[in-house]
Amino acid sequence: MILKRNEVLALLTGLGLLLTGCTTTMMGVAAPDKLPAKTPEIVTETAPPSYVGIDENVYHSITNGETASDTAGSANHDVKAAPTNLPLPEPSPTKSAQEKLDEALEFCRDSQDYWQRGELEKAVDALDQAYLMILEVEPEDDFKLIQEKEDLRFMISKRILEIYASRNIVVNGNHNAIPLDMNRHVQAEIKRFTVGVEKNFFLSSLKRSGRYRSQIVAELKEAGLPEELSWLPLIESGFKVKALSRARALGLWQFIPSTGYKFGLKRDRYIDERMDPDKATRAAIAYLKELHNIFGDWTTVLAAYNCGEGRVLRVIKTQNVNYLDNFWDLYERLPRETARYVPRFLATLHILNTPEKYGIDLAQIDPPITYETATINRQIHLRDAAKVLGITESTLREMNPELRYKILPPTSYDLKIPTGTGSQLLAEIESIRKTALPQPAYVYHRVRSGETLSTIARRYRTSVARIKRANNLRSSHFIRAGKRLKIPSKGYSYASQTKSPQKHSGPLPDYHVVRRGDSLWNIARKYGTTTQAIQKINGLTGTHLYKGQRLKISAAPAPRQTEDMKTYQVQSGDSPFKIAQAHQMPLDRFLKINRLSPRSTIYPGQQVYVE
């Protein structure tokens, strides 16, 4: 068969513009004995009702007294009388070139009849026979025959596009639908996976596949897709749920944020469902179904899954051929990563179909992850939940990889836990402390005359973009002297988990040598002084420290009248005003006993005096 129907791409993006509403002068339908020499009249006929939106130009010549209306009026009769079996044309040396073209035209007519009746396979078969006929024509120097042959070639190609554009391709659940092609490209990838540089990658990915593949296979079977697609994550991510590509594609199935959002994968401050194996699998199945409805050919579908359907369609549109081609015709024109993607997948299938041939031991595959779910309405850390359950934090993390900071969202969340431990967790859930999301660590800077965001960013070793984002600034060209800016620094602070630095006992040393992780606030707390006192005695104008720096230590004056007072640990979101108001104290009184000024900064975990 000349046409490979399963490899024809059905819905080219520009097809509507090409076909809808355009009338192209082409070869006319001739009487059985010969084709007319004059330019035929073109009559536009409405496409069948089941293919709304596709314009079909049907060409009839007015010969032997037959009018266009007579021809159109006989359509229904012709459809009923259309042949049901198309014999293969046998080349006959007695047929002239003109007779062969006439016979090819008759096959085109039959194809139109089949298409109108919805018999798409027979319609394409008829076009196959027509194409076989015109291949036998050698017009030599006869310009008229050359033109007629090219017109027929164009008509057949156009009809193929129309038929497949009108065809609603449905995945029929055939688990042998992926063709296991073997060529030099596939053989090269087999060699890389079995004896080459990627052997360790293949074996480790195969080992991890056991954790997730059984669930993926079940989802594919339910959706009616080929079971072989369950090995696609091996090529995509090596079965790593946290795999992140240079294009910011994430998870087992490597979704970029926009595609993940399109197929229902949620992403917020707490969770990223692209890392959830179950949810990402369902989204990948929906995406693969959509691609198969467009292309109808699994190898081309896989290429589109890797680089996007738009890229593949653009490559196809550049093919300077009259017949649509298959994936291997596109191979050289696709991006290198995509061009290798399909051979790598086919190589994986070949290896796993006969693992003993390549020395692969399937017994080394990890067992599936088993779990049950418990609905939690409390914002807790996985570490604390793991302690209650008597398991490691990594075990719970492996079951819930979509939690970005290992902290449950404040809303109801279905937490995956080991089977049989749900009642234990729910019984002790109220005893687990609440945990807030880690907040970016900040320092504050008062803008001086002549400073710019660039000079401030360089001083604090950060970027202008981060400063703008932290302060909701729209422009980087205008800042006002005296404005107080929040400057992002490295690391995060956990409001409910901040540990107090160990207090220094004994007399204060003359100097403190700055170590990795030190900050002015931590040093001040350690020695029972204030950041302002350390800055003043050392002549510091900012909060930036460097490793090995020697700082003089000066004790801060003891707070006044603190004998009858109690201490309060600053929480995330607290301010001096809020604390004073909560303890029914005047703000100036609170600031005075704590040696603070209205511009002082307090930090989560800091101890202050209250009445």
Side-chain angles (χ1 to χ4, degrees), residues 174-223 225-245 249-254 275-278 280-281 284-285 288 298-299 301-302 305-306 337-371 391-392 394-401 416 418-419:
N174 180 5
H175 285 214
N176 297 316
I178 299 179
L180 289 179
D181 297 333
M182 176 62 79
N183 53 39
R184 61 185 179 89
H185 306 296
V186 178
Q187 289 172 343
E189 298 300 335
I190 291 176
K191 184 176 180 180
R192 291 173 67 91
F193 282 155
T194 54
V195 296
V197 295
E198 293 191 79
K199 180 178 180 179
N200 289 336
F201 161 79
F202 184 85
L203 293 177
S204 59
S205 300
L206 181 62
K207 185 175 185 296
R208 285 188 295 269
S209 70
R211 305 175 191 175
Y212 314 104
R213 187 171 172 268
S214 59
Q215 182 62 30
I216 295 174
V217 170
E219 295 282 356
L220 288 169
K221 287 182 177 179
E222 183 178 350
L225 296 186
E227 183 180 330
E228 293 89 342
L229 292 173
S230 61
W231 292 111
L232 201 57
L234 188 148
I235 306 302
E236 284 284 349
S237 61
F239 278 100
K240 292 181 179 179
V241 293
K242 287 186 174 182
L244 180 66
S245 73
L250 181 64
L252 280 183
W253 294 92
Q254 291 290 281
M275 293 186 288
D276 185 312
D278 298 335
T281 295
I285 287 173
L288 289 167
W298 280 116
T299 49
V301 165
L302 296 176
Y305 186 91
N306 179 254
E337 180 183 347
T338 302
R340 286 190 58 204
Y341 183 82
V342 174
R344 285 167 69 83
F345 178 70
L346 296 179
T348 300
L349 298 185
H350 280 290
I351 294 171
L352 296 175
N353 283 345
T354 54
E356 64 283 351
K357 176 181 177 182
Y358 300 100
I360 302 298
D361 185 6
L362 299 182
Q364 301 298 321
I365 296 178
D366 291 342
I369 297 176
T370 58
Y371 59 85
I391 60 175
T392 63
S394 60
T395 300
L396 210 52
R397 175 62 170 162
E398 185 180 36
M399 294 180 178
N400 301 274
K416 297 174 184 175
T419 304

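Keep in mind that the numbers below use all heavy atoms, side chains included, and drop hydrogens, waters and symmetry copies.
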(request) State the CG-OG1 distance between Asn400 and Thr395, to the nearest 0.5 angstrom. (result) 11.0 Å
(request) Drop me the distance from Leu362's CG to Lys207's NZ, to the nearest 0.5 angstrom. (result) 13.5 Å
(message) I'd like to know whether Val186 forms a side-chain contact (heavy atoms from CB on, under 4.5 Å) with His350, so could you lay out the CA-CA distance, the side-chain angles of the two residues, the decisive distance to 0.1 Å, and finally the verdict.
(response) CA-CA 9 Å; Val186 178; His350 280 290; 3.8 Å; yes
(message) When you compare the side chain of Trp231 with that of Arg213, does any pair of heavy atoms fall below 4.5 Å?
(response) yes
(request) Without swapping roles, check the side chain of Gln254 against the backbone of Ile235 for a donor-acceptor pair under 3.5 Å. (result) no
(message) Less than 4.5 Å apart, side chain to side chain, heavy atoms only: is that true for Leu203 and Asp361?
(response) no
(message) What I'd like to find out is whether the side chain of Pro226 reaches to under 4.5 Å of the side chain of Trp298, using heavy atoms alone.
(response) yes
(message) Just verifying a value: how many Å separate Met275 CE and Ser237 OG, rounded to the nearest 0.5 Å?
(response) 12.5 Å
(message) How about CD on Glu222, more than 12 heavy atoms from neighbouring residues, nucleotides or ligands closer than 6.0 Å, or not?
(response) no
(message) Using side-chain heavy atoms (C-beta onward) and a distance below 4.5 Å, is Ser209 in contact with Ser230?
(response) no
(message) Could you tell me if the side chain of Leu206 sits less than 4.5 Å from the side chain of Leu352, heavy atoms only?
(response) yes
(request) Return the minimal non-hydrogen interatomic distance between Ser205 and Phe239, and the atom names on each side. (result) O-CD1, 3.7 Å
(request) Determine the minimum heavy-atom distance between Thr299 and Pro179, stating which atoms define it. (result) CG2-CG, 4.0 Å
(request) Give a yes or no on whether the backbone of Asp366 and the side-chain of Arg211 come within a donor-acceptor separation of less than 3.5 Å. (result) no
(request) Dump the intermediate steps for side-chain contact (heavy atoms from CB on, under 4.5 Å) on Glu227 and Val217, then the final yes or no. (result) CA-CA 6 Å; Glu227 183 180 330; Val217 170; 3.7 Å; yes
(request) Could you check if a side-chain atom of Ile216 sits within less than 4.5 angstrom of a side-chain atom of Trp253, using non-hydrogen atoms only? (result) yes
(request) Decide yes or no for Tyr212 and Val241: does some side-chain heavy atom of the first lie under 4.5 Å from some side-chain heavy atom of the second? (result) yes
(request) Flag yes if more than 12 heavy atoms outside Lys416 fall under 6.0 Å of its NZ atom; otherwise flag no. (result) yes
(request) Please round to the nearest 0.5 Å and tell me the distance separating atom CG of Leu349 and atom CG of Leu232. (result) 9.5 Å
(request) Quick one: pull up CG in Leu229 and OG1 in Thr281 and give me the separation to the nearest 0.5 Å. (result) 11.5 Å
(message) Just verifying a value: how many Å separate Ile190 CD1 and Met182 CE, rounded to the nearest 0.5 Å?
(response) 3.5 Å
(message) Could you report the tightest heavy-atom contact between Phe345 and Leu302, atom names first, then the distance?
(response) CD2-CD1, 3.3 Å
(message) Closer than 3.5 angstrom, by distance alone: can the side chain of His185 be matched with the main-chain N or O of Arg344 as a donor-acceptor pair?
(response) no
(request) For residues Leu234 and Phe202, determine if any side-chain heavy atom of one lies less than 4.5 Å from a side-chain heavy atom of the other. (result) yes
